[in-house]
Peer 1: 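Can you read through this structure? Questions will come right after.
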Amino acid sequence: MTTDDRRRKRDGCPHRPARTLRGGHRPRPWEPGRAGHFGRPGRAAPIPVSPPGPAAGGDGPAEPSAHPWSVRIRSFHIAALALMSVLLTLIAAPPAAAAPGICSEQGNYEVCVTYGGPGNADTLIPRKIKAKIDATATTPQSGDYIRVAMYTWDNSGYGTEIADSLVRAAQNGVSVRIVVGSVDQTLRTKFVNAGIDLRTCPDACMKNPDGTWSGAMHNKFFVIRKGATELVLQTSANLSDWQARHAQNLLIVRDDPALFAGYVNYWRRLYDQDWTWSGTTWGDDDKSPYGTNGNSRAYFFPQYTKQPLVGVLAGVTDCATGNDRIWMEASIFDNSDHSRDIIAQLNRLRGIGCDIKVVVQEAASRNLLLANGVPGTDISCDGWHHNKLLVIDAKYGGAWNKAVFTGSYNPTANSNYRANDAMLRVMDGWVTNRYIDQFRQLWTNPRTCDTA
């Protein structure tokens with residue numbers, strides 16, 4: 001296992017597919033389809049083997065009676081051939097095709113989701129990112145810039161194509177600067193030759209309060225200014241073919257000046273490897289800025305004295321029929337007080353009538369949830385997803401709200417206290433409904449768990 005493979009496993013980016021069977025799930029009676037639409041697919045019925053019929057014509061002279069043993073042997077051969085036919089059909093049959101990725105747009109928001117799976121490298125999300133870069137590079141204006149923070153950047157999975165677009169943008173006069181955890185050497189050379197500023201943070205970009213370097217630069221976001229247009233692109237995906245074979249999501253927010261400024265100011269601190277930039281030092285109270293209209297908010301990590309996700313869940317105070325969803329997708333939980341605090345909130349919310357559903361990537365995370373009181377019916381395990389998101393459709397923040405939280409943050413102590421991560425909140429019914437649809441697709445189409 002390479003150093004990058006160890007880092008991916010440590011920070012919720014596993015490097016090989018699943019092996020363990022998925023956990024159970026609870027039906028929602030109002031959902032259409034099989035077993036309340038959330039049930040398991042039924043096992044295929046055995047294929048019956050018909051006894052041989054009479055000889056063609058059926059009117060010829062009777063054949064002599066067969067010896068009982070010959071009848072048994074012939075029946076055994078027929079059954080064996082039928083079984084072999086079924087097995088060969090199962091072996092030869094291709095795996096069920098994953099749902100196609102989709103991008104949709106309304107108002108100032110765009111949402112892209114992909115589902116990946118074995119042999120299905122879906123590059124919809126990096127292609128969408130590249131299109132935004134190309135739109136800036138083709139007709140640049142004075143003051144245009146692109147800032148990138150990306151954990152791992154390979155030359156596959158559209159990584160090379162995005163790099164080439166950034167190089168073209170820089171050559172056309174757009175200011176391009178990048179922070180990475182690791183990057184393919186060929187791409188690094190391209191960036192350097194194009195005069196693009198590139199900062200590599202093998203661990204988190206900032207030192208911990210005790211002066212040590214640990215965690216990871218685990219972010220996956222782009223910020224783009226083109227003329228008066230400002231874009232925040234927050235994704236769960238790293239750039240590689242392996243990541244393109246996993247379920248991922250991308251949320252784009254356009255023209256939210258306060259949110260855009262928050263991301264840019266966080267990026268500046270990543271690049272400078274210091275919480276102080278231009279004479280202003282960020283404490284934990286500064287790391288969760290609101291957007292312009294209050295419906296958006298960013299949470300930047302690490303936070304040394306706060307647990308934002310625990311606080312978000314604590315802000316849910318009631319659930320009612322039709323407004324009771326607390327649905328989460330996470331790569332990993334860890335055996336830490338932080339993860340257990342999040343799980344305790346999920347258990348509390350189940351107790352007040354909320355519909356709790358959690359999709360995890362690794363078997364160890366499923367086992368941790370079970371050990372801490374989460375019923376198996378509330379857990380699904382999908383080794384081919386890499387999302388980090390929370391859907392709330394309940395009484396949250398003192399009102400009945402629909403909200404989605406997405407980004408690179410895992411519900412682990414490492415993500416909260418040591419790693420560089422971001423979590424983006426948007427309270428918007430249309431956006432949240434897109435993520436409800438995405439969650440249903442994963443929940444109703446289980447895949448095996450990652451045992452790494």
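Because only heavy atoms are used, hydrogens play no part in the values below, and waters and symmetry mates are left out as well, while side chains stay in. All of these numbers come straight from a predicted model, not from anything done at the bench.
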Peer 1: Does this structure show an ion pair linking Glu110 with Lys132, if we count only N-O contacts that are shorter than 4.0 Å?
Peer 2: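 Yes, charged N to carboxylate O under 4.0 Å.
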
Peer 1: Measure from the side-chain N and O atoms of Arg366 to the backbone N and O of Glu362, and report whether any donor-acceptor pair falls under 3.5 Å.
Peer 2: no

Peer 1: Measure from the side-chain N and O atoms of Asn416 to the backbone N and O of Gln303, and report whether any donor-acceptor pair falls under 3.5 Å.
Peer 2: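 Side chain of Asn416 to backbone of Gln303, a donor-acceptor pair under 3.5 Å: yes, one is there.
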
Peer 1: Is Asp164 paired with Lys190 through a side-chain N to carboxylate O contact shorter than 4.0 Å?
Peer 2: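 A salt bridge links Lys190 with Asp164.
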
Peer 1: Report yes if the side chains of Ile178 and Ile196 come closer than 4.5 Å at any heavy-atom pair, otherwise no.
Peer 2: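 SC-SC contact between Ile178 and Ile196 confirmed.
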
Peer 1: Is Leu369 close to Val358 at the side-chain level, that is, under 4.5 Å between some pair of heavy atoms?
Peer 2: yes

Peer 1: Any side-chain to backbone donor/acceptor pair from Asn108 onto Arg254? Under 3.5 Å, distance only.
Peer 2: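 Such a contact is found between Asn108 side chain and Arg254 backbone.
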
Peer 1: So how far is it from Ile162 CD1 to Lys130 NZ, rounded to the nearest 0.5 Å?
Peer 2: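 The CD1 atom of Ile162 sits 8.5 Å away from the NZ atom of Lys130.
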
Peer 1: Report the distance from atom CG of Leu309 to atom CZ of Phe301, rounding to the nearest 0.5 Å.
Peer 2: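 If we round to the nearest 0.5 Å, Leu309:CG and Phe301:CZ are 7.5 Å apart.
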
Peer 1: Output yes when a side-chain donor or acceptor of Ser240 lies under 3.5 Å from a complementary backbone atom of Gly157, and no otherwise.
Peer 2: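 Side chain of Ser240 to backbone of Gly157: no pair is present.
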
Peer 1: Checking side-chain contact (heavy atoms from CB on, under 4.5 Å) for the pair Met328/Leu389: CA distance, chi angles, key distance, verdict?
Peer 2: CA-CA 6 Å; Met328 178 182 290; Leu389 63 90; over 6 Å; no

Peer 1: Whether the side chain of Asp284 engages the backbone of Thr305 through a donor-acceptor N/O pair (distance < 3.5 Å, no angle test) should be reported.
Peer 2: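 Looks like yes, one N/O pair under 3.5 Å.
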
Peer 1: With a 3.5 Å distance limit and no angle check, can you tell me whether Ser331 reaches the backbone of Gln361 through a side-chain donor-acceptor pair?
Peer 2: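 Answer holds: no.
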
Peer 1: Walk me through it: do Leu368 and Val360 pass the test side-chain contact (heavy atoms from CB on, under 4.5 Å)?
Peer 2: CA-CA 11 Å; Leu368 183 72; Val360 293; over 6 Å; no

Peer 1: Any non-hydrogen side-chain atom of Pro308 less than 4.5 Å from a side-chain atom of Tyr409?
Peer 2: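 SC-SC contact between Pro308 and Tyr409 ruled out.
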
Peer 1: Are the side chains of Tyr271 and Trp277 in touch, meaning some heavy atoms are under 4.5 Å apart?
Peer 2: no

Peer 1: Compute whether any side-chain donor of one residue and acceptor of the other, for Ser236 and Gln248, lie under 3.5 angstrom apart.
Peer 2: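 Looking only at side-chain atoms, Gln248 and Ser236 do form a donor-acceptor pair, the distance falling under 3.5 Å.
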
Peer 1: I'd like to know whether Ser415 forms a side-chain hydrogen bond (donor to acceptor under 3.5 Å, both in side chains) with Asp421, so could you lay out the CA-CA distance, the side-chain angles of the two residues, the decisive distance to 0.1 Å, and finally the verdict.
Peer 2: CA-CA 7 Å; Ser415 276; Asp421 273 306; 3.1 Å; yes

Peer 1: Quick one: does NZ or CZ of Arg147 land under 6.0 Å from the six-membered ring centre of Tyr263, within 45 degrees of the ring axis?
Peer 2: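 Pair Arg147/Tyr263 does not count as cation-pi.
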
Peer 1: Side chains of Ile252 and Val232, heavy atoms from C-beta outward: is any pair under 4.5 Å?
Peer 2: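 Side-chain contact under 4.5 Å: no.
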
Peer 1: Charged N to carboxylate O under 4.0 angstrom, Lys306 versus Asp285?
Peer 2: yes

Peer 1: Please lay out, stage by stage, how Asn335 and Arg340 fare under the test side-chain hydrogen bond (donor to acceptor under 3.5 Å, both in side chains).
Peer 2: CA-CA 7 Å; Asn335 190 23; Arg340 283 187 288 272; 2.5 Å; yes

Peer 1: With no hydrogens and no angle check, is any side-chain donor or acceptor of Thr152 less than 3.5 Å from a backbone partner on Asn238?
Peer 2: no

Peer 1: Looking at His385 and Ala330, would you say the former's side chain and the latter's main chain have a donor-acceptor pair under 3.5 Å?
Peer 2: yes

Peer 1: Ignoring hydrogens and geometry beyond distance, is a side-chain donor-acceptor pair present between Asn219 and Tyr266 at under 3.5 Å?
Peer 2: yes

Peer 1: Which heavy atom of Asn293 sits nearest a heavy atom of Asp256, and at what distance?
Peer 2: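 Between these two residues, the closest heavy atoms are OD1-OD2, 4.5 Å.
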
Peer 1: Side chains of Ser288 and Arg297, heavy atoms from C-beta outward: is any pair under 4.5 Å?
Peer 2: yes

Peer 1: May I ask you to say whether Asp184 pairs ionically with Arg188, meaning some side-chain N is under 4.0 Å from a carboxylate O?
Peer 2: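 Not counted as a salt bridge, because no side-chain N and carboxylate O are separated by less than 4.0 Å.
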
Peer 1: So, the side chain of Gln234 versus the backbone of Lys220: is there a donor-acceptor pair under 3.5 Å, distance only?
Peer 2: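 Judged by distance alone, yes, a pair lies under 3.5 Å.
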
Peer 1: Do Thr114 side-chain atoms and Gly116 backbone N/O form a donor-acceptor pair below 3.5 Å?
Peer 2: no

Peer 1: Compare every heavy atom of Met427 with every heavy atom of Ala403, then report the nearest pair and how far apart it is.
Peer 2: CB-CG, 3.5 Å

Peer 1: Start with the C-alpha distance between Val167 and Phe191, add both sets of side-chain angles, then the distance that settles side-chain contact (heavy atoms from CB on, under 4.5 Å), and finish with yes or no.
Peer 2: CA-CA 7 Å; Val167 167; Phe191 293 143; 4.3 Å; yes

Peer 1: Could you walk me through whether Leu390 and Val404 pass the side-chain contact (heavy atoms from CB on, under 4.5 Å) check?
Peer 2: CA-CA 6 Å; Leu390 171 68; Val404 65; over 6 Å; no

Peer 1: When you check the gap from the basic side-chain N to the acidic O, do Lys357 and Glu329 get nearer than 4.0 Å?
Peer 2: no

Peer 1: Charged N to carboxylate O below 4.0 Å: is that the case for Asp274 and Arg269?
Peer 2: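 The answer is no: the pair does not qualify as a salt bridge.
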
Peer 1: Assess the side chains of Trp327 and Asp355: does a donor N or O sit below 3.5 Å from an acceptor N or O?
Peer 2: yes

Peer 1: I'd like to check Met206 versus Trp282 (side-chain heavy atoms, cut-off strictly below 4.5 Å). Are they in contact?
Peer 2: no

Peer 1: Check the orientation of Phe405 and Tyr299. Use parallel for under 30°, tilted for 30 to 60°, and perpendicular for over 60°.
Peer 2: tilted

Peer 1: What is the ring orientation for Trp275 with Tyr304, classed by angle as parallel under 30°, tilted 30 to 60°, or perpendicular over 60°?
Peer 2: perpendicular

Peer 1: Once rounded to the nearest 0.5 Å, what's the spacing between atom CG of Leu231 and atom OG1 of Thr136?
Peer 2: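 The OG1 atom of Thr136 is 7.0 Å from CG of Leu231, to the nearest 0.5 Å.
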
Peer 1: For Ser339 and Asp334, which I'm curious about, is there any donor-acceptor pair between the side chains at under 3.5 Å?
Peer 2: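 On atom types as modelled, these side chains qualify, holding a pair under 3.5 Å.
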
Peer 1: Could you report the tightest heavy-atom contact between Arg168 and Ala137, atom names first, then the distance?
Peer 2: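 Here Arg168 and Ala137 meet closest at C-CB, 4.4 Å.
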
Peer 1: Think Arg225 forms a cation-pi with Tyr145, using NZ or CZ under 6.0 Å from the six-ring centre and within 45 degrees of its axis?
Peer 2: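 Pair Arg225/Tyr145 does not count as cation-pi.
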
Peer 1: The test is side-chain hydrogen bond (donor to acceptor under 3.5 Å, both in side chains); show your working for Thr212 and Asn208 and say whether it passes.
Peer 2: CA-CA 5 Å; Thr212 62; Asn208 292 316; 3.3 Å; yes

Peer 1: State, to 0.1 Å, how close Ala394 and Val316 come at their nearest heavy-atom pair, and which atoms those are.
Peer 2: CB-CG1, 3.9 Å

Peer 1: Look at Asp393 together with Arg325 and state whether they make a salt bridge at an N to O cut-off of under 4.0 Å.
Peer 2: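 Salt bridge: yes.
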
Peer 1: Supply the atom-to-atom distance Lys128 NZ to Thr123 OG1, rounded to the nearest 0.5 angstrom.
Peer 2: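 It comes to 13.0 Å.
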
Peer 1: Could you walk me through whether Gln438 and Asn249 pass the side-chain hydrogen bond (donor to acceptor under 3.5 Å, both in side chains) test, one step at a time?
Peer 2: CA-CA 9 Å; Gln438 180 269 355; Asn249 75 93; over 6 Å; no

Peer 1: Can you confirm if the NZ or CZ of Arg440 lies within 45° of the ring axis of Trp443 and under 6.0 Å from the centre of its six-membered ring?
Peer 2: no

Peer 1: At what distance, to the nearest 0.5 angstrom, does CZ of Arg434 lie from CD1 of Ile102?
Peer 2: 8.5 Å

Peer 1: Looking only at non-hydrogen atoms, find the nearest pair between Asp144 and Thr139 and report the distance.
Peer 2: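 Where Asp144 meets Thr139 most closely, the heavy atoms are OD2-O, 4.4 Å.
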
Peer 1: Which atom pair, heavy atoms only, marks the closest approach of Asn323 to Trp400?
Peer 2: O-CZ3, 3.7 Å

Peer 1: Under 4.5 Å between any side-chain heavy atoms of Arg177 and Val148, yes or no?
Peer 2: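 Heavy-atom side-chain distance check fails, nothing below 4.5 Å.
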
Peer 1: What orientation do Trp242 and Trp384 show, parallel under 30°, tilted 30 to 60°, or perpendicular over 60°?
Peer 2: tilted

Peer 1: Check this for me: does any side-chain nitrogen of one of Asp272 and Arg268 sit under 4.0 Å from a carboxylate oxygen of the other?
Peer 2: no

